[in-house]
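Here is the naming used below: chain letters follow the sequence lines, and residue numbers restart at 1 for every chain.
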Amino acid sequence: MLYDYNKIEEEARKKWNDNNVYKVSTSSIKPKYYVLDMFPYPSGAGLHVGHPLGYIFSDIYARYKRMKGFNVLHPMGFDAFGLPAEQYAIQTGQHPEKTTEDNIETYIKQLNKIGFCYDWNRKVTTCKPEYYKHTQWIFLQLFNSWYNKAIDKADSISNLITVFNEQGNTSVKAACDDKVQIFSADEWNGFSAKQQQDILMEYRLAFQKESFVNWCPALGTVLANDEIVNGVSERGGHPVEKKKMSQWFLRITAYAERLLNGLDTLDWNESMKDMQRNWIGKSIGAMVSFPLKNHADKIDVFTTRVDTIFGVSFLVIAPEHDLVNQITTPEFVGAVEEYKKICASKSDIERQAEKQVTGQFTGAYVLHPFTQTEVPVYIADYVLAGYGTGAVMAVPSGDQRDYLFAKKFELPIIPILDAQQNIENEADATKEGKYINSDFINGLNYKEATALLIQKLEEQKLGYGKVNFRMRDAGYSRQRYWGEPFPIYYDKDGIIHTVAEDKLPVILPNVDSYKPTGTGESPLATATEWVTQHGEGTRMETDTMPGYAGSSWYFLRYMDPENPNELVSKEAQEYWQNVDFYVGGSEHAVGHLLYSRFWHKFLKDIGKVSTEEPFKKMVNQGMIGGRSLLTQTNQIKNVEIPLHIPVMLAQNDKLTKEKFLILKKDDNRFENIEIDDVNWETDKDGNEFISLDIQLEKMSKRYLNVVNPDDMVSQYGADTFRMYEMFLGPIDTAKPWDTNGISGVANFIRKFWRLFYDDLGNAKNIDAAPTQEELKILHKTIKKVNQDIENLSFNTCVSTFMIGVNELAKQKTISKSTLTEFVKLIAPFAPHTAEILWTETLKNDSSVVDADFPTHDEQYLVESTFTYPIQINGKHRTNIELPVDMENEEIQNIVLADETVQKFTENKEPKKFIVVKGRIVNVVV
RNA sequence: GCCCGGGUGGUGGAAUGGUAGACACGCAGGACUUAAAAUCCUGUGACUUCACGGUUGUGCGGGUUCGAGUCCCGCCCCGGGUACCA
């Protein structure tokens, strides 16, 4: 048999299909193992070679685990709601459902060519009603729940109402809004339905509140941060402002502590956990109230450094702070309005990244809670409305931003600790030393001062100690079409009603236009009949859910994908538990991964799942970047700027004359360039070409550097493609795609095949008994591959295979038993080739997919001698081969007597003689 | 700005604190061939030497160590995230 990869791979896939090899059952006596990839968003551009990197990686691991005796769940699906489909719909008028379906079909075709061991019967698609029915169901549970701190888990709203009816809310310990009013049972029962609804909103895990969105008046729509570039809309460059709208939120902050603590139980990268920890941002500090001068209200401030309170020389509040309008004195109204306008045009990132110090005095003063001195109140862009209370107490001597602000506005800089240094030039945030200029805490240290201050604040009702989280509640409303509709409607009094669970799903209606309505409402608002489906005067919620809704629980659905009654059955969930091995990009570190953990914990609280965490082990694959090719200057007459050349046309970063002619025909940039305008180089065979410059950029159509996996598979075969993707480097580092190297892997697979068949396709004689040398090669390879798979170092596995095959190819004879082990060893990496060799060449009955993975036998690897590298003063000078069991003293004698060693030691007595057994010898003179 | 990664030949990369550059690509030379393809062999960090060899070398500057790509301190550059891209 010749190595015809097309034929071989097609045949292998047919065998797998015919025998349903990848069908996964939920009942097995084998231990379960769940290997999952982050499912893709099916974009119109199809897959490029960057996408399958993680999929191949996890596929190899899944196959390896299966060969190790596990019942492996390794599914795939599609995260199918999202902005790009909607933008495409706006441009073309095509229904996003249609384009999404087409894209999914393309993705599946592309994926199937690579030979993944997916059980497609378990495919999930988030935009299908059968799926989002359960997304809506989860939302209803969140809506009908509150976080009961007394039991430290979610509790039902009906329980809360019972408590309110009987005792009011004085004894309720809930994760809820800070400013909840206190009421008795009688008061509660006297409230109107609307009042009760508003109060319950402050407890629900899915709740509504006013918040700011990016409003673009010119486009008449709310924009995603992604759609804003330099403060203006990406489309059209129109100004964007902050607009207050009523929005749905999820109270993820209720779970902050559990999300933080849960990280300690997870087998994730420390860096990934750090990102989540920082995102959650737990800080222990205090709330302090600063009463306003000549005004009934007060400004609340959260600080982690209450000890610096006597260093406060001004207060800064966010320009959007509720109190700004009320406290600004008439002479500053104009300037404050002007400043607010400037801030509204900037994104939060821009505001925080801003190096220039800006701000505006409001004319108002607060009174220092302890000293009663007047403290001026400013607004400034570095304080964000959504963080903490949207107000900070500024201590210039201890905080650099405050310091710069104080310098600019000539405000006092008061040293507060005797250990503070250099504060003529910059702030010093130290906690060392004793307090000065600080009234009753003078002379105390940090710990004593903090405790005393919090005690005084609480005594005098000026504040209290508080744990604060940087994490905010998660915005859950999108004014978009292509997302899950909310199972919510409003009656004519504005009272919220939920759609009954047995009426789910609430189907996304068809609309005439996907274009923005201009009012800020989503396009759903134009589906009049749908909006009023619950009777005259009622209104369906027309916002839709965000992208992370469907992706926050999809991993559960694979366990029981067709269940119409519930998101996952108890049996299926209890068998599969949670994901053992999750592969995806680190760009999801704080988005998807945090939201999923939150939902999972909630589902555990309401008894839907039995595990506290969704993903036990997490591996991040690095991004594959593009490698663009550009013409060099002076290569083409009258063309000064480098031109991108399609990477698929070039070979070894060269463009031949022949390919140039294709380009001239197909690409209008080259229409007017004549062959003679090009400065051709000539190789030794007389072929003319130009050498191209390399530039690393994103893989993108516009750089002509996109490489399609289909092309790779058709040119080299899926097995070569799979192994080359792994060979590129460690899974977790970012790297550019370079097709040039793939021939090395292609050569390797052919060389491997030639262990079985000669150049004419005749089977080789493999009847000889294995030699010692052969067994050593085999077991060395088995040992290293097992180690490297466990360490997830698949690139070195491929190298190890290459070394093994190179060495075996040099042997005079190779035995069938050696080849059998080798085929099993390589099967996870090159499954098609392995399958055909396994069944047709080695005549096994069942698939190699279910063969047992080889383990090595140490007896073939024992060596009697070791070649010691000899260092003199840490520099490698020579090698000496010595028996492995030789004593140090004897080694020393032999080494010192060595000619080369003597040359370097010049017969001086060694100061030190270091022997690391089986590693190295170092002579220090 | 803040948080998290990364930086080793012409290229992708390898290296439990122990011979830096495994394995490949590319390049150069050679074998086979009418020729090409395929295959095989040899060389390939830089500088220096006829050669043996020597010097130097893992982004930059310091440090710890018998020994540092690896550990510590301070910089520079690049990538990801930054709450409505997914």
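Nearest nucleotide to the V222(A) side chain, out of rU55(B), rC84(B), rC85(B): rC84(B).
Contacts with RNA chain B (heavy atom under 4.0 Å) in residues 752-761 of chain A: R754(A), listed by number. The stretch residues 803-812 of chain A comes close to RNA chain B through I803(A), N806(A), each having a heavy atom under 4.0 Å from the strand.
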What does the B/S/- profile of nucleotides 65-82 of chain B look like, 5' to 3', with a 4.0 Å heavy-atom cutoff to protein? -BS------------BSB

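When each of Y5(A), Y3(A), F748(A) is tested with W753(A) by the rule ring pair (Phe, Tyr, Trp, His ring centres under 6.0 Å), just one qualifies, namely Y3(A). Of the candidates F486(A), W248(A), F249(A), F486(A) is the only one forming a ring pair (Phe, Tyr, Trp, His ring centres under 6.0 Å) with Y476(A).
The local environment of CD in E790(A) is crowded, with over 12 non-hydrogen atoms from other residues, nucleotides or ligands closer than 6.0 Å.
Proximity of the aromatic rings of Y255(A) and W599(A) is defined here by a centroid distance below 6.0 angstrom, and this criterion is not met.
Checked by distance alone, Q247(A) brings a side-chain donor or acceptor within 3.5 Å of a matching partner on the base of rC84(B). With hydrogens and angles left out, the side chain of Q479(A) and the base of rC84(B) share a donor-acceptor pair within 3.5 Å.
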Dot-bracket assigned to RNA chain B with the 3.5 Å Watson-Crick/G-U criterion, [ ] for crossing and | for other-strand pairs, is (((((((..(((.....[....)))((((((.......))))))((((....))))..(((((..]....))))))))))))....

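Evaluation of the salt bridge (Lys or Arg N to Asp or Glu O under 4.0 Å) test over residues 247-256 of chain A, restricted to residues two or more places apart or in two chains, returns D177(A)-R251(A).
Base orientation of rG9(B): syn (glycosidic angle within 90° of 0).
When heavy atoms are screened at a 4.0 angstrom cut-off, N620(A) is found touching no nucleic acid atom at all.
Within the 4.5 Å cutoff, the side chain of M623(A) has no heavy atoms near those of the S586(A) side chain.
In this structure, Y403(A) has no ring pair (Phe, Tyr, Trp, His ring centres under 6.0 Å) partners at least two apart in sequence or on a different chain.
Distances shorter than 4.0 Å separate none of the side-chain N or O atoms of R472(A) from OP1 or OP2 on rA83(B).
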